[in-house]
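Have a look at the structure below before the remarks.
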Amino acid sequence: MTTPLAVALGSGVSGLFSAYYWYRSAGSQPTTWRSRVSAPEIQEDFLWMMGALNRSARLNRRAALWTALTAILGALASVLSTAGSN
């Protein structure tokens with residue numbers, strides 16, 4: 001296997017990882033909305049929301065890193081392919 005091909009395949013794999021994390025980060029949505037009136041229930045909803053936002057932020061951060069790796073590997077594969085053809 002040539003180096004440009006291996007790097008291009010690595011780019012494809014990292015692209016799949018980034019897509020997986022973007023998809024998971026979109027899944028932290030409330031399923032139902034309830035009107036809460038008491039303080040403990042409001043606090044419970046707030047804590048759930050903060051947890052969901054933190055989880056989504058963590059997954060978005062991972063997805064962004066995998067996307068950056070995908071872009072770097074894709075560019076490197078292009079450069080190596082061009083350099084190898086000369």
Side-chain angles (χ1 to χ4, degrees):
M1 181 182 300
T2 64
T3 302
L5 180 59
V7 174
L9 288 174
S11 175
V13 169
S14 64
L16 291 174
F17 275 108
S18 64
Y20 169 75
Y21 283 116
W22 289 123
Y23 180 78
R24 292 228 8 237
S25 73
S28 297
Q29 299 175 7
T31 55
T32 59
W33 180 257
R34 299 179 302 259
S35 177
R36 302 288 190 130
V37 291
S38 70
E41 291 174 334
I42 293 171
Q43 183 178 12
E44 180 183 326
D45 282 351
F46 178 77
L47 291 175
W48 179 89
M49 188 183 326
M50 290 303 297
L53 289 172
N54 286 333
R55 179 176 180 267
S56 181
R58 258 192 332 275
L59 291 169
N60 279 330
R61 190 176 311 116
R62 288 179 186 166
L65 291 173
W66 279 105
T67 302
L69 179 62
T70 301
I72 290 167
L73 290 176
L76 183 60
S78 294
V79 168
L80 291 174
S81 177
T82 302
S85 64
N86 289 334

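Along the sequence shown, residues carry numbers from 1.
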For the side chain of Ser25 and the backbone of Ser56, is there at least one donor-acceptor N/O pair under 3.5 Å apart?
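A pair under 3.5 Å: no.
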Check whether Thr67 reaches the backbone of Ala63 with its side chain - one donor and one acceptor, N or O, closer than 3.5 Å.
yes
With the 4.5 Å side-chain cut-off for hydrophobic clustering, are Val7 and Val13 part of the same group?
yes
With hydrophobic residues grouped by side-chain heavy-atom distances under 4.5 Å, do Tyr20 and Trp66 end up in a single group?
yes
Does some side-chain heavy atom of Arg62 sit less than 4.5 Å from a side-chain heavy atom of Arg24?
no
On a heavy-atom basis, which atom in [X] and which in [Y] lie closest, and how many Å separate them?
{"X": "Trp22", "Y": "Ala64", "result": "CZ2-N, 3.8 Å"}
{"X": "Ala77", "Y": "Pro4", "result": "CB-O, 3.8 Å"}
{"X": "Thr70", "Y": "Ser11", "result": "O-OG, 3.1 Å"}

Hey, could you give me the CG/CZ distance between Asn60 and Arg55, rounded to the nearest 0.5 Å?
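Answer rounded to 0.5 Å: 11.0 Å.
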Are Leu69 and Leu65 close enough, and set up right, to give a side chain to side chain contact (heavy atoms under 4.5 Å, CB included), and what steps lead you there?
CA-CA 6 Å; Leu69 179 62; Leu65 291 173; over 6 Å; no
